[in-house]
Amino acid sequence: MNTDIPSEAAFPPELVCPAVSTDVAAFMLKREEKRSYRKNASSRLGILLIRRGIPPFLGQWALPGGFLRAEETVEECALREIGEETGITPNALVPLGTYSRIDRDPRGRVISNAFLAVLSEDPGQQRSGFDASDAQWFEIEFSEEPEGIHLLKLSCGGTVLTARLEQTGSRLGKPTFRVLENEGLAFDHAQIIADAMTALRASARTPELVLELLPEKFTLSALQQVQETITNTTDAPANFRRKIAEYVEETEEYASGNGHRPAKIYTKRKK
C-alpha cells in the first residue's frame with residue numbers, strides 16, 4: 001500500500017486564485033429612415049456600451065459585464081450583467097475569447113470571458129443600472145490602415161472614442177491585436193471590441209448571420225446593404241445575387257416603387 005498519497009486532495013501552494021469576470025460585445029444593425037425614394041434606407045452598425053459609475057475608470061465607457069458569482073456559469077453571469085447594466089438581454093451569446101493579461105485590471109488579477117451577441121431587431125430603449133451610470137448604442141467603425149494598423153472609432157452624439165491597434169500576428173486563422181493608443185475606453189476593451197468586430201465580419205461573409213438580422217421579407221438590395229455594412233466591403237449586384245441564390249427564395253410580392261421600378265421581395269429559404 002502506497003502511504004505517500006495524501007488522504008485528501010490539496011491545492012498546490014503556488015495556485016493563483018484570480019477573480020473571474022465577463023464582458024459582452026453586443027451588436028445591432030440600426031436602420032435609418034429613407035430620405036429619398038432614390039436611395040435605400042441606410043444601415044449603421046452599433047455596439048452597446050455603458051459608462052462606468054464606479055472606479056476604476058470612473059466615467060469612462062466600457063462593454064457591459066461584471067464579476068462571476070459562485071452559483072453561476074460564465075454564460076449566466078454575462079446575461080445577468082448585461083441585463084442589469086443596460087436593461088437589454090440578448091437571445092444568445094457566442095464565446096469570443098479569454099482575456100488574462102496580468103495588468104488588465106488595476107484592482108488585481110482578473111480574467112475575463114468575453115462573449116459576442118448580435119441583436120436582430122431593436123430591443124427598445126436601453127437603460128443604465130447597477131454600477132453603470134449610462135448605457136448607449138455607439139456607431140462603430142473599424143478600418144485597416146497600411147502596415148497592419150487598425151483604427152477603431154465609436155461615436156454617439158458628441159461623444160467619440162478612438163483607439164489604434166497593431167496587428168501582431170494571427171492565431172488559428174484570426175488576427176491578434178495590440179493596443180497602441182486608446183482614448184476613452186476602459187480596461188482592455190478596445191482589444192476585445194477589435195476581436196469582436198473581426199469575428200463578426202468573418203461570420204457575416206456567409207449569408208446565414210446576415211439573414212438573421214433582416215425581417216421575414218426583404219429586397220436583395222437591403223440584404224446586400226446589411227452584409228456590406230457589417231463586412232465593410234462592396235460587391236457588384238450581379239455577383240452578390242449569385243452568392244446568395246441558394247439562401248433565399250422569391251415571393252409574389254414587390255416593394256413599393258416610390259418613383260422607380262418596384263423591387264422583388266424575397267424571404268429566407270426554408271431548409
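One is the number of the first residue; the rest follow in order along the sequence.
Met197 and Val210 fall within the same hydrophobic cluster, where Ile, Leu, Val, Met, Phe, Trp and Tyr residues are linked whenever their side-chain heavy atoms come under 4.5 Å apart, directly or through other members. Note on Tyr247 and Phe240: same hydrophobic cluster, where clusters join Ile, Leu, Val, Met, Phe, Trp and Tyr whose side-chain heavy atoms are under 4.5 Å apart, directly or indirectly.
Between Glu246 and Arg269 no salt bridge is recorded (no basic side-chain N to carboxylate O distance below 4.0 Å). Residues Glu76 and Arg80 are not paired through a salt bridge, judged by the lack of any N-O separation under 4.0 Å between the basic side chain and the carboxylate. Contact check on Asp195 versus Lys174 returns no salt bridge, with no Lys/Arg side-chain nitrogen under 4.0 Å from an Asp/Glu carboxylate oxygen.
Take Lys217 and apply the side chain to side chain donor-acceptor pair (under 3.5 Å) test, not counting sequence neighbours, and it matches Glu253. Applying the side chain to side chain donor-acceptor pair (under 3.5 Å) criterion to Glu145, with sequence neighbours excluded, gives no partner residue.
Note that CG of Leu213 is 10.5 Å distant from CD of Gln227, once rounded to the nearest 0.5 Å. If you take NZ on Lys243 and CG on Leu223, they are separated by 12.0 Å, rounding to the nearest 0.5 Å. Put simply, CG on Leu214 and CG on Leu29 are 8.0 Å apart, with the number rounded to the nearest 0.5 Å. Rounded to the nearest 0.5 angstrom, Leu185 CG and Gln60 CD are separated by 8.0 Å. A distance of 8.0 Å separates OG1 of Thr73 from CG of Leu79, quoted to the nearest 0.5 Å. Atom CG of Leu152 and atom CG of Leu165 lie 6.5 Å apart (nearest 0.5 Å).
Closest of all the heavy-atom pairs between Val110 and Arg104 is O-CD, 3.2 Å. For the residue pair Ala25 and Ile47, the shortest heavy atom distance occurs at CB-CD1, 4.3 Å. Closest non-hydrogen pair, Glu81 versus Gly65, comes out as OE1-O, 3.2 Å. In plain terms, the two heavy atoms of Pro56 and Asp105 that are nearest each other are CG-OD1, 4.2 Å.
Lys264 contributes a side-chain N or O that, together with a main-chain N or O of Thr251, makes up a donor-acceptor pair within less than 3.5 Å. With hydrogens and angles ignored, the 3.5 Å screen pairs a side-chain donor or acceptor of Glu228 with a backbone N or O of Asp235. Between the side chain of His150 and the backbone N or O of Glu144 there is no donor-acceptor pair closer than 3.5 Å. A donor-acceptor pair under 3.5 Å is absent between the side-chain atoms of Glu85 and the main chain of Ser128, judged by distance alone. Under a 3.5 Å cut-off, the side chain of Thr219 and the backbone N or O of Ala222 do form a donor-acceptor pair. In terms of modelled atom types and a separation under 3.5 Å, the side chain of Thr159 and the main chain of Ser155 share no donor-acceptor contact. With Arg164 contributing its side chain and Asn182 its backbone, the two residues share no donor-acceptor pair below 3.5 Å.
Taking the six-membered ring for Trp and the full ring otherwise, Tyr266 and Phe218 have centroids separated by 6.0 Å or more.
Under the 4.5 Å side-chain criterion, counting only non-hydrogen atoms from C-beta, Trp137 is not in contact with Leu49. At least one side-chain heavy atom of Arg201 sits less than 4.5 Å from a side-chain heavy atom of Phe142. Two residues are said to be in side-chain contact when any heavy atoms from C-beta on lie closer than 4.5 Å; Val160 and Leu154 fail this criterion. Residues Phe187 and Ser112 have side chains not in contact (no heavy-atom distance under 4.5 Å, counting atoms from C-beta outward). Put simply, the side chain of Glu183 does not reach to within 4.5 Å of the side chain of Leu161, judged on heavy atoms. Between Thr231 and Arg205, some side-chain heavy-atom pair lies under the 4.5 Å cut-off. In this structure, the side chains of Thr267 and Val248 stay at 4.5 Å or more apart for every pair of heavy atoms. Residues Arg69 and Cys77 fail the side-chain proximity criterion, which asks for heavy atoms closer than 4.5 Å.
Annotation for Arg107: atom CZ counts as buried by contact number, over 12 foreign heavy atoms lying within 6.0 Å. The local environment of CD1 in Ile54 is crowded, with over 12 non-hydrogen atoms from other residues, nucleotides or ligands closer than 6.0 Å. Within 6.0 Å of CZ on Arg109 lie more than 12 heavy atoms contributed by other residues, nucleotides or ligands. Within a 6.0 Å sphere centred on OH of Tyr254, heavy atoms belonging to other residues, nucleotides or ligands number 12 at most.
Contacts classified as salt bridge (charged side-chain N to carboxylate O under 4.0 Å, His left out) and involving residues 45-60 (residues at least two apart or in different chains) are not found.
For the residue pair Asn113/Thr22, the side-chain donor-acceptor check at 3.5 Å is not satisfied. For the residue pair Thr98 and Ser100, no side-chain donor N or O sits within less than 3.5 Å of a side-chain acceptor on the partner.
The residue from Leu119, Val24, Thr86 that alone fulfils the side-chain contact (heavy atoms from CB on, under 4.5 Å) condition with Leu48 is Thr86. With Lys268 as the partner, the side-chain hydrogen bond (donor to acceptor under 3.5 Å, both in side chains) test is satisfied by one option alone out of Glu208, Glu216, Glu212: Glu212.
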Evaluate Val94 against Phe115 for side chain to side chain contact (heavy atoms under 4.5 Å, CB included), listing each step before the verdict.
CA-CA 5 Å; Val94 178; Phe115 292 88; over 6 Å; no
Show your reasoning for whether side chain to side chain contact (heavy atoms under 4.5 Å, CB included) applies to Trp61 and Asp134.
CA-CA 9 Å; Trp61 292 90; Asp134 195 6; 3.6 Å; yes
Given Leu45 and Leu200, is the side chain to side chain contact (heavy atoms under 4.5 Å, CB included) satisfied, shown in steps?
CA-CA 11 Å; Leu45 187 65; Leu200 181 64; 3.9 Å; yes
Could you please spell out the steps behind the side chain to side chain contact (heavy atoms under 4.5 Å, CB included) verdict for Tyr99 and Leu96?
CA-CA 10 Å; Tyr99 295 81; Leu96 178 63; 4.1 Å; yes
